[in-house]
Trainee: 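Following this message is one structure expressed as structure tokens.
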Amino acid sequence: MLAFAYSRSEMVHDALVVLAKMKDLSFQPSILTCNSLLYNLRCTDHLWNVYDEIKSSGIPPSEFTNSIFIDGLCRQSRLQDAVSFIQETEGKEFGPSIVSFNTLMSGFCKMGFVDVAKSFFCMMLKCGLRPDAYSYNILIHGLCIAGSLEEALEFTIDMERHGVEPDVVTYNILAKGFRLLGLMSGAWKVIEKMLLKGVNPDVVTYTILICGHCQMGNIEEGFKLREEMLSRGFELSIISYSVLLSSFCKSGQIDEAMKLLYEMEGFGLKPDLITYSILIRGLCKVGEIQRAIQLYKEMCLKRIFPNSFSHGAILSGLCQKGMISQARMYFDTLTKSDLTEDIVLYNIMIDRYAKIGNIGKAVQLYKQIIEKGITPSIVTFNSLIYGFCKNRKLDEARGLSDTIKMHGLVPSVVTYTTLMNAYCEVGNLQGMLKLYQEMEAKALEPTCITYTVLIKGLCKKQRLQESVQLLEDMYAKGLAPDQITYNTIIQCFCQAQNMRSISIT
DNA sequence: ATAGGGTTAG
């Protein structure tokens with residue numbers, strides 16, 4: 001009991017001391033205690049030791065033992081070991097359980113390998129196991145994160161067909177999937193369906209919707225939903241607050257954001273690393289670097305330790321203020337001392353160099369990444385492509401497509417949009433449209449910026465009707481045009497001296 | 001003891 005209590009209270013060290021004593025006295029701990037310990041050490045190097053210890057001690061494992069072990073392997077990114085383990089346990093007393101498979105699928109999804117996860121879904125069926133709501137939700141989530149919304153929806157239908165009712169988690173996952181693509185009208189349809197099915201929204205649902213409003217720049221609607229939430233007896237979570245905070249920060253209303261921070265603290269909610277990172281970024285964005293550093297220190301005093309998010313906030317703050325040499329100094333100390341070589345920090349720096357047209361420095365940092373054996377991300381390449389485009393080196397920019405493939409990466413909407421913009425700038429409408437078709441063929445959803453580039457390209461060739469049609473397409477999709485979209489169209493009509501059509505919307 | 005909501009670079 002003592003060992004169990006220690007373990008449950010995450011006092012793992014004490015638990016281990018008690019267990020060692022027990023071993024001296026030849027007392028056997030219960031499997032409950034062992035599992036709890038295995039669970040608490042699942043992210044550490046002790047995972048194997050504890051597991052081997054259980055195996056050799058003769059304590060009969062429970063059905064949970066194996067799935068906890070698999071979870072540990074997945075969390076340590078040892079997916080291959082997890083797969084081998086599942087294969088070994090097949091046919092044994094506690095062979096692969098649904099939970100084991102679900103854990104494994106979740107592990108693969110988190111690493112971005114949805115296809116592999118799907119193959120385990122099939123394997124599960126072959127083992128005679130019936131996927132449960134977790135199995136479906138894990139896959140649907142993985143697909144949504146990967147942007148394959150259509151397939152996620154197909155899986156949802158499949159789920160219903162097999163008698164597993166989509167629950168609040170399923171609907172939340174789908175709503176977020178639409179939100180991620182900026183398609184809020186789709187998200188609302190998901191919620192409608194959910195209500196129709198008699199499934200009640202929860203705090204997560206509200207948070208996704210508030211986030212959607214905020215993302216569309218409509219903080220007011222976000223706050224209205226918050227009122228509705230409160231009137232229905234829900235309490236705001238740290239995350240709901242963070243969404244609202246973030247929205248204020250994005251629109252530069254930093255004092256409003258700080259007010260929310262004090263409000264949440266007043267309710268006894270403790271801001272976490274993400275909340276602080278949002279605020280630090282917000283302060284940097286409006287140029288208040290000193291206040292940002294002050295908050296950063298306050299966070300450290302509360303024993304919340306900065307990660308690359310908070311560092312990235314300060315770094316991009318310095319960059320945005322045009323303090324490029326200070327930014328570089330900060331960057332150098334971070335990359336020299338930090339054990340984790342985060343690609344995001346490199347990306348921020350590379351992007352800044354690209355933005356100011358210093359492609360030389362950008363390429364230099366890229367080479368440094370490769371030398372250090374750090375894997376570049378698609379963002380790294382997008383920034384480099386931007387840099388080349390800005391310097392009118394379109395061939396070099398396009399040439400990077402092969403390098404992207406070489407690294408096993410996939411061009412994103414941003415890759416396409418950046419290149420399309422470059423073609424648009426040099427007046428190559430055909431080149432731009434060809435890229436757009438290629439993008440569509442890969443089922444990549446165009447963003448507001450993609451549409452704006454398309455509109456700009458068409459406007460340049462006086463194809464006004466088509467550009468207005470694109471604007472209509474955006475409305476139909478629930479994709480919000482921004483100021484630049486409107487400015488582009490207005491400017492174009494002005495140039496065509498067609499002042500009346502401006503009221504077309 | 002397996003699933004869902006918030007921050008980053010384009």
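Per chain, numbering begins at 1; letters A, B, ... match sequence-line order.
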Trainee: NA contact type, Arg352(A), heavy-atom cut-off 4.0 Å: base, sugar-phosphate, or nothing?
Mentor: nothing
Trainee: Could you check whether the side chain of Thr205(A) and the base of dG5(B) have a donor-acceptor pair of N or O atoms closer than 3.5 Å, going by distance alone?
Mentor: no
Trainee: Could you check how far CG of Leu32(A) sits from P of dA1(B), rounded to whole Å?
Mentor: 12 Å
Trainee: Just jot down the salt bridge (Lys or Arg N to Asp or Glu O under 4.0 Å) partners of Lys259(A), sequence neighbours excluded, or say none.
Mentor: Glu256(A)
Trainee: What about Tyr134(A): does its side chain form a donor-acceptor pair under 3.5 Å with the base of dA3(B)?
Mentor: yes
Trainee: For the pair made of OH in Tyr330(A) and C1' in dT8(B), what is the distance, rounded to whole Å?
Mentor: 13 Å
Trainee: Verify the contact: side-chain N or O of Tyr39(A) to OP1 or OP2 of dT2(B), cut-off strictly under 4.0 Å; return yes or no.
Mentor: yes
Trainee: State which residues pass ring pair (Phe, Tyr, Trp, His ring centres under 6.0 Å) with Phe69(A); sequence neighbours excluded, sorted by chain then number.
Mentor: Trp48(A), Tyr51(A), Phe85(A)
Trainee: Mark yes or no for a side-chain to base donor-acceptor pair under 3.5 Å between Ser412(A) and dG10(B), with no hydrogen or angle criteria applied.
Mentor: yes
Trainee: Hey, does Ser237(A) reach any base, or is it just sugar-phosphate, or nothing, if we go heavy atoms under 4.0 Å?
Mentor: base
Trainee: Between dG5(B) and His141(A), is there an OP1 or OP2 to side-chain N/O distance shorter than 4.0 Å?
Mentor: yes
Trainee: For the base of dG5(B), is there a side-chain donor-acceptor partner from Asp202(A) under 3.5 Å away?
Mentor: no
Trainee: Find the distance Lys285(A):NZ to dT8(B):C1' and express it as a whole number of Å.
Mentor: 13 Å
Trainee: Return the orientation label for the Tyr241(A) and Phe267(A) ring planes: parallel under 30°, perpendicular over 60°, tilted otherwise.
Mentor: tilted
Trainee: Using a heavy-atom cut-off of under 4.0 Å over every strand shown, decide if Ile68(A) touches base, sugar-phosphate, or nothing.
Mentor: base
Trainee: For dG6(B), does the base pair up with any side-chain atom of Thr275(A) as donor and acceptor (N or O, under 3.5 Å, distance only)?
Mentor: yes
Trainee: Hey, does Ser240(A) reach any base, or is it just sugar-phosphate, or nothing, if we go heavy atoms under 4.0 Å?
Mentor: base
Trainee: Does the dA9(B) base have a donor-acceptor partner in the side chain of Asp351(A) within less than 3.5 Å?
Mentor: no
Trainee: Step through it carefully: locate the ring centre of Tyr436(A), locate the ring centre of Tyr451(A), and say whether they are under 6.0 Å apart.
Mentor: no
Trainee: Tell me what Val243(A) touches on the nucleic acid: a base, only sugar-phosphate, or nothing, going by heavy atoms under 4.0 Å.
Mentor: sugar-phosphate
Trainee: Which whole-number value in Å describes the distance from Asp342(A) CG to dT8(B) P?
Mentor: 14 Å
Trainee: Between Phe381(A) and His407(A) (judged by ring centroids, cut-off 6.0 Å), do the two rings come close enough to count as a pair?
Mentor: yes
Trainee: If you look at every strand shown and take non-hydrogen atoms under 4.0 Å, does Thr103(A) touch a base, only sugar-phosphate, or nothing?
Mentor: sugar-phosphate
